[in-house]
Colleague: 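Dropping the structure in here first, questions after.
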Protein chains: 2
Amino acid sequence: MPPKKATDQLQTTCATCALTQFCLPMGLTERELKDLEALVKHRRIFSRGEILHQPGDFFQNFYAIRAGAVKSVTINTAGNEQVFGFYLPGEVIGFEAISTQKYPHSIIALTETSICELPFTHLMQMSKTHSGLQHQLLALASQRLTIDTCIHFTDTQQRVIAFLLNVSARLNRSAGLKRIFDLPMSRHDIGNHLGLAMETISRIIHHLKRQGLLAVHHRSIELLKIPALKALATGNK
Amino acid sequence: MPPKKATDQLQTTCATCALTQFCLPMGLTERELKDLEALVKHRRIFSRGEILHQPGDFFQNFYAIRAGAVKSVTINTAGNEQVFGFYLPGEVIGFEAISTQKYPHSIIALTETSICELPFTHLMQMSKTHSGLQHQLLALASQRLTIDTCIHFTDTQQRVIAFLLNVSARLNRSAGLKRIFDLPMSRHDIGNHLGLAMETISRIIHHLKRQGLLAVHHRSIELLKIPALKALATGNK
DNA sequence: CGATCATTTGATGTAATTCAAAACTGGTGG
DNA sequence: CCACCAGTTTTGAATTACATCAAATGATCG
């Protein structure tokens, strides 16, 4: 199967972008939704490895991911990369930058990625009159605060399983876990994000495969025994 | 020196609570600030070990920490505790709960802790007319998203140093690092939060002490060589 | 189709966990 | 006020699990 291009997947997402999609259930009127869509500045496509912005860049826009995936990273003075997190379709980049007015991380495309640019000041202006939008912005920031629970697990295997389940859930949003999916990031990125060596990720996934809990072929994952995986992730050995 | 009680420290904080304090620089008028102060529902004191709320409790209030400290935890089915984070004076609990309408974690007082309850619906209502408040709520959520960078370090020592510097900075807010301070949490909590064993925390801190980088007596810390500590935390060995 | 990058797999060393016990705290009541 | 007790922290020794190094295999892309 050839790799899907971002443009192929757009049909399955909303007409404009993730933000308007998520504003839909917030009870915006037709008119309000049209206002929001009119606010979208650019729709852009980034290729694998391209940089959306750098740390220190002045914060002007949210980036709503329509298709693809990016990683959020910093590079310290010793040249070591730090993977802070990932953004998947439907997720919005930029909340970390509000308090300082500057983006704190580099955002780098992991695959071909399609995004919408949403000017922050316009959104704030608009949310004065559209109270649903005001709540929605806080709700999206709120989601982001609880999205990354796998980090906090002490046990290594738990962390990896929780990460896989996390990505699976985020790729399916409303509808529970996605059983079959492709990991958009490398083992290296996963390891860096979870504080583990790339090889350890590889070995743990292999171990889960041998136990028959999941099928895996490089970056494609099929969750076979979801209840068992959930049990392991929550610490029931 | 006897341990300070929460009530002793209140004089050094704002007249009402952390939220109004942080709204001050946002350009609220006298009138707006009075409205905000009127909105504060309760001021309460919790003793060490008391629970502010449990996971699943219906989200109604933000809790602004005036003095003291709390930890944010969950307990999984196997009975293992997970420390997600800490809230120090000036920080506001509740943003994680906006999207689901329920608090995701237990909040437990680590020392005697004084808080303000701020009803969420009232804040939202008020921010319709006070745009500074609207921005301030997003800015506080934004801060929270970037507050916990120490988690992401791969190297163990880096994680511990970054944690200490993080707490030091948060205890001093605007004015850089606090050189002398007390850790409000146990070694056990630090270890759990950083994904390390309690003994490892103890040993690493001891090691830093022997190197003359800091002075430590149980929970009291004095940072002696801040530039060196910063360099170690950012990966320059 | 060959070059490059990503992943897997194996062998080895080391660093962190675990288990255990001692030292130190803070709090309580005699 | 001092002695005792529970909880916390420190320290030590042994084990285990993870990182590291290295090489081979497998994808991907020009």
Side-chain angles (χ1 to χ4, degrees), chain A residues 1-5 47-50 69 71 80-81 83 108-112 153-161 163-164 182-210 214-221 232 235 237, chain B residues 1-5 47-50 69 71 80-81 83 108-112 153-161 163-164 182-210 214-221 232 235 237:
Chain A
M1 192 171 11
K4 284 177 197 154
K5 295 206 169 181
S47 316
R48 171 192 168 84
E50 279 195 90
K71 63 177 173 181
N80 301 320
E81 196 179 73
V83 177
I108 300 174
L110 294 168
T111 61
E112 192 172 43
F153 287 91
T154 44
D155 182 65
T156 308
Q157 180 173 277
Q158 271 183 45
R159 233 180 291 173
V160 176
I161 298 174
F163 177 79
L164 294 175
D182 285 344
L183 290 168
M185 70 290 286
S186 68
R187 300 282 189 272
H188 184 85
D189 287 334
I190 298 174
N192 189 313
H193 183 235
L194 299 181
L196 301 168
M198 168 186 64
E199 295 93 333
T200 305
I201 307 297
S202 187
R203 277 186 249 265
I204 288 175
I205 290 179
H206 179 73
H207 182 64
L208 297 171
K209 182 183 182 177
R210 277 192 36 168
L214 49 76
V216 55
H217 186 66
H218 299 96
R219 296 195 183 181
S220 101
I221 303 279
L232 283 171
K237 292 192 179 175
Chain B
M1 189 175 9
K4 284 177 198 153
K5 294 205 170 184
S47 317
R48 173 190 166 83
E50 278 194 274
K71 62 177 173 181
N80 301 319
E81 197 179 73
V83 178
I108 301 174
L110 292 170
T111 62
E112 192 173 44
F153 287 92
T154 45
D155 182 66
T156 308
Q157 180 174 277
Q158 271 184 44
R159 234 180 292 173
V160 175
I161 297 174
F163 177 80
L164 295 174
D182 285 344
L183 290 169
M185 70 291 286
S186 68
R187 300 283 189 271
H188 184 84
D189 287 334
I190 297 174
N192 190 314
H193 182 236
L194 300 181
L196 301 169
M198 168 186 63
E199 294 91 333
T200 305
I201 307 297
S202 187
R203 278 185 249 265
I204 288 175
I205 290 179
H206 178 73
H207 181 65
L208 296 171
K209 183 182 181 178
R210 276 193 35 171
L214 47 77
V216 55
H217 187 66
H218 300 94
R219 295 196 183 181
S220 101
I221 303 280
L232 283 171
K237 292 191 178 176

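Below, read A as the first sequence line, B as the second, and so on, with proteins coming before strands; counting in each chain starts at 1. This is a predicted model, so every value here is computed, not measured.
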Colleague: Does any part of the side chain of A:Thr111, heavy atoms only, come nearer than 4.5 Å to the side chain of A:Asp182, both counted from C-beta?
Modeller: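 No, every pair of side-chain atoms sits at 4.5 Å or beyond.
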
Colleague: Compare the minimum distances between each of D:dT9, D:dG26, C:dT25 and the side chain of A:His218, then state the nucleotide with the smallest one.
Modeller: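 Between D:dT9, D:dG26, C:dT25, the one nearest the side chain of A:His218 would be D:dG26.
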
Colleague: Using a 3.5 Å distance criterion without hydrogens, assess whether the side chain of A:Arg159 forms a donor-acceptor pair with backbone atoms of A:Thr154.
Modeller: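 Checking the backbone N and O of A:Thr154 against the side chain of A:Arg159, a donor-acceptor pair under 3.5 Å is found.
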
Colleague: So which protein N/O to nucleotides 14-16 of chain C N/O distances come out below 3.5 Å?
Modeller:
| from | atom 1 | to | atom 2 | distance (Å) |
| --- | --- | --- | --- | --- |
| C:dA16 | OP1 | B:Thr156 | OG1 | 2.9 |

Colleague: Starting at atom CD of A:Glu112, determine the distance to atom P of D:dC29, rounded to an integer number of angstrom.
Modeller: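 Rounding to the nearest Å, CD of A:Glu112 and P of D:dC29 are 11 Å apart.
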
Colleague: Between B:Arg187 and B:Arg219, is there a donor-acceptor pair closer than 3.5 Å when you use the side chain of the first and the backbone of the second?
Modeller: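 No; judged by distance alone, with no hydrogens or angles, the pair does not exist.
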
Colleague: Start with the C-alpha gap between B:Val83 and B:Met185, add the side-chain angles, then the distance that decides, and say whether side chain to side chain contact (heavy atoms under 4.5 Å, CB included) holds.
Modeller: CA-CA 11 Å; B:Val83 178; B:Met185 70 291 286; over 6 Å; no

Colleague: Do the non-hydrogen side-chain atoms of A:Asp155 and B:Asn80 ever get within less than 4.5 Å of each other?
Modeller: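 A:Asp155 vs B:Asn80: side chains apart.
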
Colleague: Can you check whether A:Leu164 reaches A:Leu214 side chain to side chain, under 4.5 Å on heavy atoms?
Modeller: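 Yes, at least one pair of side-chain atoms sits under 4.5 Å.
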
Colleague: Just how far, in rounded Å, is C1' of D:dT11 from NE2 of B:His207?
Modeller: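 Taking atom C1' of D:dT11 as the reference, NE2 of B:His207 is at 16 Å.
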
Colleague: Establish, with yes or no, whether the OP1 or OP2 oxygen of D:dT8 is under 4.0 angstrom from a side-chain nitrogen or oxygen of B:Arg48.
Modeller: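 The answer is yes; a side-chain N or O of B:Arg48 sits under 4.0 Å from OP1 or OP2.
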
Colleague: Quick one: B:Met198 CE to D:dG7 P, roughly how many Å, whole number?
Modeller: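 Value for this atom pair: 14 Å.
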
Colleague: Report the distance from atom CZ of A:Arg159 to atom P of D:dA17, rounded to the nearest whole Å.
Modeller: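 Rounding to the nearest Å, CZ of A:Arg159 and P of D:dA17 are 15 Å apart.
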
Colleague: If I take atom CD1 from residue B:Ile201 and atom CD1 from residue B:Ile190, how far apart are they, to the nearest 0.5 angstrom?
Modeller: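 Interatomic distance, B:Ile201 CD1 to B:Ile190 CD1, rounded to 0.5 Å: 6.0 Å.
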
Colleague: Rounded to whole angstroms, how far apart are CZ on A:Arg187 and P on D:dT28?
Modeller: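 My rounded result for the distance is 12 Å.
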
Colleague: Atom NE2 of A:His217 to atom C1' of D:dG26: distance rounded to whole Å?
Modeller: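 Checked: the NE2 to C1' distance equals 8 Å.
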
Colleague: In whole angstrom, give the distance that lies between atom CG of B:Leu110 and atom C1' of D:dG7.
Modeller: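 Between C1' of D:dG7 and CG of B:Leu110: 15 Å.
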
Colleague: Give a yes or no on whether the backbone of A:Glu81 and the side-chain of A:Asn192 come within a donor-acceptor separation of less than 3.5 Å.
Modeller: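 Flag set: sc A:Asn192 to bb A:Glu81 pair under 3.5 Å.
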
Colleague: When you compare the protein's N or O atoms with those of nucleotides 9-11 of chain C, which come within less than 3.5 Å of each other, and at what distance?
Modeller:
| from | atom 1 | to | atom 2 | distance (Å) |
| --- | --- | --- | --- | --- |
| C:dT9 | OP2 | A:His206 | ND1 | 3.0 |
| C:dG10 | N7 | A:Arg203 | NH1 | 3.0 |
| C:dG10 | O6 | A:Arg203 | NH2 | 3.3 |

Colleague: Over how many whole Å does the gap from B:Leu183 atom CG to D:dT10 atom P extend?
Modeller: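 Atom-to-atom, B:Leu183 to D:dT10, this comes out as 10 Å.
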
Colleague: Do A:Arg203 and A:His207 pass the side chain to side chain contact (heavy atoms under 4.5 Å, CB included) test, and can you show the C-alpha distance, the side-chain angles, and the key distance before you say yes or no?
Modeller: CA-CA 6 Å; A:Arg203 277 186 249 265; A:His207 182 64; over 6 Å; no

